[in-house]
Chemist: 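One structure is given below, represented as structure tokens, and several questions about it will come after.
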Amino acid sequence: MKIVVLKFGGTSVGSIKRINKVAEIVISYIKKKYKVIVVSSAMSGITNDLIKKSKEISQNFNKEEYDVLVSSGEQMSCSLIAGRLNHLGYNSRSWMGWQIPIITNEVHTSSRIIDIYKSKILNYIKKGGIPVVTGFQGININQRITSLGRGGSDATAIMIAKFFKAKKCVIYTDVDGVYTTDPVIYKKASKIKVISYEEMLEMASLGAKVMQPLSIQDARLNRVNINVKSSFLKKEGTLITKKKNILNNKIIRGISFTKNDAKVTLVGVKDKPGIAASIFKPFHQNLINVDMVVQNISANGKETDLTFTIKLDDLNKTVKLIKRNKSINYRNINVDKNVSKVSIVGVGMVTTPGVTYRMFSALARTNINILVISTSEIKISVLINKKNLKKSITALHKEFKLDK
Ligand code: ADP
Ligand code: ASP
Ligand code: MG
């Protein structure tokens with residue numbers, strides 16, 4: 001059986017007109033003799049609105065109920081797609097995660113799929129039906145509905161492709177592929193034909209929203225090839241695959257950035273063993289993710305300044321935790337909300353010397369001050385003032401010859 005998984009994102013199902021277009025795409029695969037499993041996100045804006053409502057009810061909205069609420073948008077879009085396919089004479093129906101069932105772990109708000117029961121869907125497609133499956137949701141061992149984290153429909157599609165041994169997994173979205181940087185922000189970004197799981201994972205984790213990072217981990221682990229395509233334009237997209245399938249390894253594959261970070265500096269912290277651990281312990285206990293960290297020793301060697309970044313959403317809570325922390329002494333606390341993290345990503349940097357220098361000198365030539373630096377094997381990130389974001393993307397894109 002030639003199975004294909006087609007996933008449609010929020011903008012692609014954002015209006016009735018677009019849902020009609022989705023049905024046309026699905027039918028084009030049916031005509032090529034594919035058995036199609038459709039996965040859909042909620043119509044654009046719906047999930048955001050549901051999250052807003054939960055916050056209006058309570059800042060501590062119950063996690064189990066949060067998952068029931070935020071995953072409800074997918075029910076609506078799936079029934080509309082199935083309804084349109086029915087209207088056009090095709091046998092189709094919607095499937096909620098729990099009806100299949102798609103089994104996830106017990107974590108709420110960012111669960112991972114651990115199993116998918118195949119028999120009902122297999123019977124259905126064998127009889128010629130087109131199942132339209134809700135992305136982003138599953139059910140756990142406690143029979144509670146779970147959700148897979150923002151952008152989680154990507155993970156649903158990839159795991160369905162894995163369990164059903166699909167020939168293809170196509171992610172239809174509002175851009176026609178993965179670009180060297182967000183093409184909506186930077187017009188000269190060029191489309192990447194093929195990208196490795198490793199590079200895509202870094203780019204996504206560092207801010208490229210086009211794919212959900214956890215879904216790329218699932219794809220890499222299960223060796224699922226992914227095609228990213230536009231649901232509006234008939235153009236070749238991007239293939240996400242294993243490193244071995246890629247011949248032309250560029251030094252830098254792409255540039256990612258964030259706009260939702262905050263920088264915190266504790267000035268004049270008494271320097272003694274274990275101090276960093278005492279500062280970060282309450283963050284860990286409160287599930288606050290600390291990202292970049294830098295520590296400077298002061299001139300007298302007795303004090304240190306500790307700078308770190310966190311998500312802007314966590315800032316108020318973080319400052320409260322610091323102020324409440326009786327086991328640390330510091331003179332001052334400075335907070336900066338106007339920061340962006342810009343990262344260059346590429347497996348080629350492992351074997352190419354001088355990449356760090358080129359990045360820093362390109363930024364220096366453009367008069368951009370670097371606030372914090374962090375690196376890993378295939379990425380270099382710098383924290384800069386948010387107002388310099390566009391300038392820095394332009395400079396780095398030029399430096400690494402990524403313009404189209
Ligand atoms: P969907 O609703 O289809 O899942 P998303 O909004 O999650 O779509 O992801 C698509 C968006 O990702 C694009 O509109 C684009 O602005 C953004 N994006 C960020 N970085 C990149 C990149 N490197 N390449 C392509 N798109 C990117
Ligand atoms: N609707 C969900 C969200 O907005 C899942 C997805 O779009 O993939 O995050
Ligand atoms: Mg998405």
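If you read the sequence from its start, that first residue is 1, and numbering goes on from there.
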Chemist: Can a donor-acceptor pair be found between the side chains of Ser327 and Asn325 at a distance below 3.5 Å?
Modeler: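 Side-chain D/A pair, Ser327 to Asn325: present.
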
Chemist: Can you see whether Asn140 engages Thr146 through a side-chain donor-acceptor pair at a distance of less than 3.5 angstrom?
Modeler: no

Chemist: Looking at Gly97, is its backbone amide N or carbonyl O close enough to the side chain of Thr134 to form a donor-acceptor pair, meaning the two atoms are under 3.5 Å apart?
Modeler: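 Here the side-chain-to-backbone pair exists.
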
Chemist: Answer yes when Lys229 and Glu236 have at least one side-chain N-carboxylate O distance shorter than 4.0 Å, and no when they do not.
Modeler: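 Looking at Glu236 together with Lys229, the answer is no, because their closest N to O distance does not fall below 4.0 Å.
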
Chemist: If you take all heavy atoms of Ser153 and Val39, which pair is closest and at what distance?
Modeler: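 Looking at all heavy atoms of both residues, the closest pair is O-CG1, 4.0 Å.
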
Chemist: Are Asp49 and Lys53 close enough, and set up right, to give a salt bridge (Lys or Arg N to Asp or Glu O under 4.0 Å), and what steps lead you there?
Modeler: CA-CA 6 Å; Asp49 187 50; Lys53 285 190 165 64; 2.8 Å; yes

Chemist: Kindly check if the number of other-residue, nucleotide or ligand heavy atoms within 6.0 Å of CG (Asn142) is above 12?
Modeler: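 Buried by this count: over 12 neighbours within 6.0 Å.
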
Chemist: Flag the pair Glu202 and Lys379 as a salt bridge only when some basic side-chain nitrogen lies within less than 4.0 angstrom of an acidic carboxylate oxygen.
Modeler: no

Chemist: Take Asp218 and Lys162, measure what salt bridge (Lys or Arg N to Asp or Glu O under 4.0 Å) needs, and give me the verdict at the end.
Modeler: CA-CA 9 Å; Asp218 287 337; Lys162 173 220 147 98; over 6 Å; no

Chemist: Listed by chain and number, what are the salt bridge (charged side-chain N to carboxylate O under 4.0 Å, His left out) partners of Arg144, not counting sequence neighbours?
Modeler: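 Only Glu65 meet the salt bridge (charged side-chain N to carboxylate O under 4.0 Å, His left out) criterion with Arg144.
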
Chemist: Minimum heavy-atom separation for Val345 to Glu199, with atom names?
Modeler: CG1-O, 3.8 Å

Chemist: Is it the case that over 12 heavy atoms from other parts of the model lie below 6.0 angstrom from the NZ atom of Lys337?
Modeler: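 Not buried by this count: 12 neighbours or fewer within 6.0 Å.
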
Chemist: Just to verify, what does Tyr186 make a ring-ring contact (aromatic ring centres under 6.0 Å, His included) with, not counting sequence neighbours?
Modeler: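 Tyr186: ring-ring contact (aromatic ring centres under 6.0 Å, His included) contacts with His397.
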
Chemist: If you measure only the distance, is there a donor-acceptor pair under 3.5 Å linking the side chains of Asp176 and Ser230?
Modeler: no

Chemist: Parallel, tilted or perpendicular for Phe283 and Phe308, by the 30°/60° rule?
Modeler: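 Rings of Phe283 and Phe308: tilted, as their planes differ by 30° to 60°.
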
Chemist: For Asp154, is there any backbone N or O sitting under 3.5 Å from a side-chain donor or acceptor partner on Gln212?
Modeler: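 No: the side chain of Gln212 does not pair with the backbone of Asp154.
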
Chemist: Please list, chain by chain and in numerical order, all residues satisfying side-chain hydrogen bond (donor to acceptor under 3.5 Å, both in side chains) with Tyr66, sequence neighbours excluded.
Modeler: none

Chemist: Between Lys187 (side chain only) and Val184 (backbone N and O only), is there a donor and an acceptor less than 3.5 Å apart?
Modeler: yes

Chemist: How close do Phe136 and Arg150 get, counting heavy atoms only, and between which atoms?
Modeler: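 For Phe136 and Arg150, the tightest heavy-atom pair comes out as CE1-N, 4.3 Å.
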
Chemist: Name all residues meeting the ring-ring contact (aromatic ring centres under 6.0 Å, His included) criterion together with Trp98; count only those two or more places apart in sequence or in a different chain, and write none if there are none.
Modeler: none

Chemist: Considering non-hydrogen atoms only, spot the tightest contact between Ala189 and Thr180 and give its length.
Modeler: CA-OG1, 3.5 Å

Chemist: Testing the basics here: between Ser92 and Ile130, what is the closest heavy-atom pair and its distance to 0.1 Å?
Modeler: OG-O, 2.7 Å

Chemist: Testing the 3.5 Å rule here: is there a donor-acceptor pair between the side chains of Asp271 and Thr304?
Modeler: no

Chemist: Hey, could you give me the CD/CD distance between Glu64 and Glu106, rounded to the nearest 0.5 Å?
Modeler: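 Going from the CD atom of Glu64 to the CD atom of Glu106 covers 10.5 Å.
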
Chemist: How long is the gap from CG on Leu85 to CG on Leu80, to the nearest 0.5 Å?
Modeler: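 One gets 11.0 Å once the value is rounded to the nearest 0.5 Å.
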
Chemist: Quick check on side-chain contact (heavy atoms from CB on, under 4.5 Å): which of Leu312, Asn338, Leu389, Val339 does Lys259 satisfy it with?
Modeler: Leu389

Chemist: Working to the nearest 0.5 angstrom, can you tell me the gap between Arg358 CZ and Leu363 CG?
Modeler: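 The distance works out to 12.5 Å.
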
Chemist: Kindly give the heavy-atom pair with the smallest separation between Thr352 and Gly348, and that separation in Å.
Modeler: OG1-O, 2.7 Å

Chemist: Quick one: ring-ring contact (aromatic ring centres under 6.0 Å, His included) partners of Tyr29, sequence neighbours excluded?
Modeler: Tyr34

Chemist: Roughly how far, to the nearest 0.5 Å, is OG of Ser392 from CD1 of Ile255?
Modeler: 8.0 Å

Chemist: If we ignore angles and hydrogens, is there a donor and acceptor under 3.5 Å between the side chains of Asn105 and Arg112?
Modeler: no

Chemist: Using the ring-ring contact (aromatic ring centres under 6.0 Å, His included) criterion, which residues pair with Tyr124? Sequence neighbours excluded.
Modeler: Trp95

